[in-house]
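Below: the structure, in structure tokens.
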Amino acid sequence: MRGRTLSAGVALAVFAGMTVTLAAQPVAASPTTATVARPIAASAAAVAAPDISVTNVQAHLTQFNSIASSNGGNRRAGSAGYTASLSYVRTRLQSAGYTVSEQYCSSCTYPSNNLIAEWPGGPTDQVVMFGAHLDSVSAGPGINDNGSGSATLLENALVLAAQNPTVTKKVRFAWWTDEEQGLNGSRFYVNSLNATQRGYIKGYYNFDMVGSINGGYFINRVTSSTAAPLKAYWDSLGLSPEENVEGQGRSDDYYFQQAGIPTSGYAAGASARKTSSQAAKWGGTANSAYDPCYHRSCDTTANVSATVLNRAADGVAYALWQLAVGGGTPSCAGGQVVGNGGFENGTTPWTASSGVITNASGQPARTGSYKAWLGGNGSTRTESLYQSVTVPAGCASYTLSFWLHIDTAETTGSTAYDRLTVQVGSTTLATYSNLNAAAGYAQRSLNVAGFAGQTVTLRFTGTEDSSLQTSFVIDDVTLLAS
């Protein structure tokens with residue numbers, strides 16, 4: 001990971017790039033070399049996301065460490081160590097049947113090559129892309145930073161080739177050069193794409209430092225829909241991942257995001273220190289760096305947590321299968337995710353305008369004594385009621401349901417003077433008004449499947465104009481996943 005945060009105002013310059021295509025070459029089968037002949041493709045629906053062998057990922061790290069040791073102690077972009085690392089990755093991918101190309105980054109601080117690999121099959125205008133920087137700093141071999149991300153992607157690519165499932169999207173892997181000098185390789189690549197080519201990339205996933213010895217579990221843009229499969233896998237392990245605050249703007253997802261391409265990715269932390277609450281949640285040492293050998297000569301194979309690395313590698317496989325194969329659906333945690341939906345247990349976890357959660361006799365609750373009463377003022381006013389909810393992934397159905405009674409003094413049959421809006425995140429799901437007034441409560445049900453795997457805010461907002469009250473009375477709110 002690059003050591004200094006980029007300014008969000010950095011301009012994107014356009015560079016000319018040269019790509020050399022390297023055809024996949026067949027190799028003879030042997031006990032140690034896999035044949036290019038691939039098994040018959042399996043049905044996407046029948047294929048579960050594979051378990052990625054952390055031993056195999058560690059074997060790639062051993063190779064990177066050995067390459068650095070033989071080439072001055074590092075794998076810095078443009079160096080012999082970088083060139084040998086790229087050759088190792090390229091050879092394994094070609095032998096597995098990938099279409100591999102190298103892109104010469106002429107504008108890089110250390111001019112050298114990006115490596116791009118595509119798996120055959122899938123629509124060319126529907127691309128999911130997985131990337132990691134292959135270079136290290138000059139101070140050391142860069143095994144966590146970022147041999148860990150590079151090795152994780154390499155092993156995932158090899159497993160995809162070995163299983164050869166039917167893919168629903170084009171799968172593209174990338175290993176970037178010159179990241180440590182300013183994200184130069186990935187910037188060069190993004191700028192080499194025209195608008196149409198950028199539009200084909202439906203998601204870019206970045207993996208930078210995913211084996212930190214005192215690591216945490218961080219996801220780029222953790223609440224975004226792009227992050228949902230990464231988060232769903234770590235949620236299934238009970239890890240409660242957090243936003244990758246430390247890595248914002250400091251790795252190769254940056255220029256993809258600036259170009260309007262949806263991004264996410266895993267990270268385990270760099271030089272920032274693990275908090276006491278994180279240590280209690282994830283283990284490790286509080287008030288110590290996630291990676292004590294960050295950008296140092298001690299960033300060797302001894303500087304990697306096998307547990308953290310394994311969880312990242314398996315999470316990549318899960319996301320890849322979710323995005324491009326269609327199998328590997330997690331077990332549905334299910335259940336009700338709204339807290340205190342009947343309003344009988346105080347206000348927590350709701351945040352509400354004063355007096356909204358009430359047992360006032362002017363409007364009855366549907367059940368119990370309390371309800372949420374928005375409006376009913378007869379004057380210009382806006383009132384709100386909201387809470388944060390985490391919607392589990394992997395379920396078949398997601399239904400937001402609540403009981404709503406609308407009482408109004410408005411006499412019009414055609415004009416909506418007073419309104420209640422229901423939102424999840426920034427999306428308005430429904431709007432009700434004085435025109436929907438009726439005796440008693442009516443159950444309202446809304447499909448919220450589009451928010452699976454995300455943490456979002458469920459919000460009710462009532463607005464009234466200057467005269468003639470409308471009451472929006474809500475009770476028994478549920479969001480059920482099953």
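- Thr457 and Gln387 share no donor-acceptor pair across their side chains, judged by distance under 3.5 Å alone.
- Annotation: side chain of Tyr204 is not in contact with side chain of Arg172 (no heavy-atom distance under 4.5 Å).
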Item to check | Verdict with supporting geometry, Tyr205 and Thr263, side chain to side chain contact (heavy atoms under 4.5 Å, CB included) | outcome: CA-CA 6 Å; Tyr205 293 85; Thr263 62; over 6 Å; no
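- The CG atom of Leu61 sits 11.0 Å away from atom CG of Asn56, with the distance rounded to the nearest 0.5 Å.
- For the residue pair Ser305 / Thr307, no side-chain donor-acceptor distance below 3.5 Å is found, with atom types taken as modelled.
- In this structure, the separation between CG on Leu385 and CG on Leu458 is 7.5 Å, given to the nearest 0.5 Å.
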Checklist entry - So Phe451 and Leu429, side chain to side chain contact (heavy atoms under 4.5 Å, CB included) or not? Walk me through it. => result CA-CA 12 Å; Phe451 303 94; Leu429 299 179; 4.3 Å; yes
Next on the checklist: If you apply the rule side chain to side chain contact (heavy atoms under 4.5 Å, CB included), what do you find for Gln423 with Tyr386, and how did you get there?
Outcome noted: CA-CA 9 Å; Gln423 294 176 291; Tyr386 60 92; over 6 Å; no
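- Taking both residues in full, the closest heavy atoms of Thr152 and Ala313 are given as CG2-CA, 3.7 Å, listed atom of the first, atom of the second, then distance.
- Side-chain contact between Tyr200 and Lys170 is absent, with no heavy-atom pair separated by less than 4.5 Å.
- Checked by atom type, the side-chain pair Thr455/Thr390 shows a donor-acceptor distance below 3.5 Å.
- The aromatic rings of Tyr266 and Trp234 lie parallel to each other, their planes meeting at an angle below 30°, with 60° marking the opposite boundary.
- Side chains of Val391 and Gln454 form no contact here, defined as non-hydrogen atoms less than 4.5 Å apart.
- Using modelled atom types, no side-chain atom of Asn244 and backbone atom of Phe218 make a donor-acceptor pair closer than 3.5 Å.
- Proximity of a side-chain donor or acceptor of Arg296 to a complementary backbone N or O of Pro292 within less than 3.5 Å is detected.
- The nearest pair of heavy atoms linking Gly269 to Met209 is O-CE, 3.5 Å.
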Checklist entry - Can Gln258 and Arg187 be said to form a side chain to side chain contact (heavy atoms under 4.5 Å, CB included), step by step? => result CA-CA 10 Å; Gln258 293 297 294; Arg187 172 169 55 179; over 6 Å; no
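- A donor-acceptor contact shorter than 3.5 Å links the side chain of Ser224 to the backbone of Arg221.
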Item to check | Criterion ring-ring contact (aromatic ring centres under 6.0 Å, His included) on Phe188 and Tyr255, from CA distance to verdict | outcome: CA-CA 9 Å; Phe188 188 92; Tyr255 285 106; over 10 Å; no
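- Within the model, atoms OH of Tyr110 and OG of Ser79 stand 9.5 Å from one another, a figure rounded to the nearest 0.5 Å.
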Item to check | Ser251/Asn206 under side-chain hydrogen bond (donor to acceptor under 3.5 Å, both in side chains): CA gap, chis, key distance, verdict | outcome: CA-CA 8 Å; Ser251 196; Asn206 195 67; 2.9 Å; yes
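- Taking CG of Asp299 as the reference point, atom SG of Cys293 lies at 6.5 Å (rounded to 0.5 Å).
- A donor-acceptor contact shorter than 3.5 Å links the side chain of Thr300 to the backbone of Ala302.
- For the pair Asn114/Glu102, no side-chain contact is recorded, criterion being any heavy-atom separation below 4.5 Å from C-beta on.
- Using modelled atom types, no side-chain atom of Ser70 and backbone atom of Ile67 make a donor-acceptor pair closer than 3.5 Å.
- In this structure, Glu246 contributes its side chain and Ser271 its backbone to a donor-acceptor pair below 3.5 Å.
- By the 4.5 Å heavy-atom criterion applied to side chains, Asn184 and Thr109 are counted as neighbours.
- Aromatic pair Trp176/Tyr189: centroids less than 6.0 angstrom apart.
- The shortest heavy-atom contact between Thr177 and Cys108 is CG2-SG, 4.0 Å.
- A heavy-atom distance below 4.5 Å is found between the side chains of Leu86 and Tyr82.
- Taking CG of Leu115 as the start and OG of Ser85 as the end, the distance is 11.0 Å to the nearest 0.5 Å.
- Ring geometry for Trp119 versus Tyr98: interplanar angle of 30 to 60°, hence tilted.
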Atom pairs and distances, side-chain donor-acceptor, residues 134-145, under 3.5 Å, sequence neighbours left out:
{"from": "Asp135", "atom 1": "OD1", "to": "His133", "atom 2": "ND1", "distance (Å)": "2.9"}
{"from": "Asp135", "atom 1": "OD1", "to": "Glu179", "atom 2": "N", "distance (Å)": "3.4"}
{"from": "Asp135", "atom 1": "OD2", "to": "Glu179", "atom 2": "N", "distance (Å)": "3.1"}
{"from": "Asp135", "atom 1": "OD2", "to": "Glu180", "atom 2": "N", "distance (Å)": "3.1"}
{"from": "Ser136", "atom 1": "OG", "to": "Arg75", "atom 2": "N", "distance (Å)": "2.8"}
{"from": "Ser136", "atom 1": "OG", "to": "Arg76", "atom 2": "N", "distance (Å)": "3.4"}
{"from": "Ser136", "atom 1": "OG", "to": "Gly140", "atom 2": "O", "distance (Å)": "3.1"}
{"from": "Asn144", "atom 1": "OD1", "to": "Ser148", "atom 2": "OG", "distance (Å)": "3.3"}
{"from": "Asn144", "atom 1": "OD1", "to": "Gly211", "atom 2": "N", "distance (Å)": "3.1"}
{"from": "Asn144", "atom 1": "OD1", "to": "Ser212", "atom 2": "N", "distance (Å)": "3.3"}
{"from": "Asn144", "atom 1": "ND2", "to": "Ser212", "atom 2": "OG", "distance (Å)": "3.1"}
{"from": "Asn144", "atom 1": "ND2", "to": "Asp291", "atom 2": "OD2", "distance (Å)": "3.0"}
{"from": "Asp145", "atom 1": "OD1", "to": "Met1", "atom 2": "N", "distance (Å)": "2.1"}
{"from": "Asp145", "atom 1": "OD1", "to": "His133", "atom 2": "NE2", "distance (Å)": "3.1"}
{"from": "Asp145", "atom 1": "OD2", "to": "Met1", "atom 2": "N", "distance (Å)": "2.8"}
{"from": "Asp145", "atom 1": "OD2", "to": "His295", "atom 2": "NE2", "distance (Å)": "3.1"}

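- A 4.5 Å side-chain heavy-atom check between Ser288 and Lys274 finds every atom pair outside the cut-off.
- In this structure, the side chain of Gln336 engages the main chain of Val338 through a donor-acceptor pair within 3.5 Å.
- Expressed to the nearest 0.5 Å, how far CG of Asn113 lies from SG of Cys105 amounts to 9.0 Å.
- No side-chain donor-acceptor contact under 3.5 Å links Arg198 to the backbone of Ala259.
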Item to check | From CA spacing to verdict: salt bridge (charged side-chain N to carboxylate O under 4.0 Å, His left out), Lys281, Glu242 | outcome: CA-CA 11 Å; Lys281 179 167 61 171; Glu242 299 177 4; 2.8 Å; yes
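- There is no side-chain donor-acceptor pair under 3.5 Å between Asp235 and Tyr233.
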Item to check | Criterion side-chain hydrogen bond (donor to acceptor under 3.5 Å, both in side chains) on Ser192 and Gln103, from CA distance to verdict | outcome: CA-CA 10 Å; Ser192 73; Gln103 180 190 48; 3.0 Å; yes
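- The shortest non-hydrogen separation linking Ala174 to Leu153 is O-CD1, 4.2 Å.
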Checklist entry - Could you walk me through whether Trp282 and Tyr217 pass the ring-ring contact (aromatic ring centres under 6.0 Å, His included) check? => result CA-CA 8 Å; Trp282 297 325; Tyr217 297 91; 5.7 Å; yes
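- Under 3.5 Å, the side chains of Thr226 and Ser264 contain no donor-acceptor pair of N or O atoms.
- Listed here is the closest heavy atom pair of Ser445 and Thr399: CB-CG2, 4.0 Å.
- Considering every non-hydrogen atom in both Asn71 and Ala84, the closest pair reads ND2-CB, 4.4 Å.
- For the pair Phe207 and Asn146, the minimum side-chain heavy-atom distance is 4.5 Å or more.
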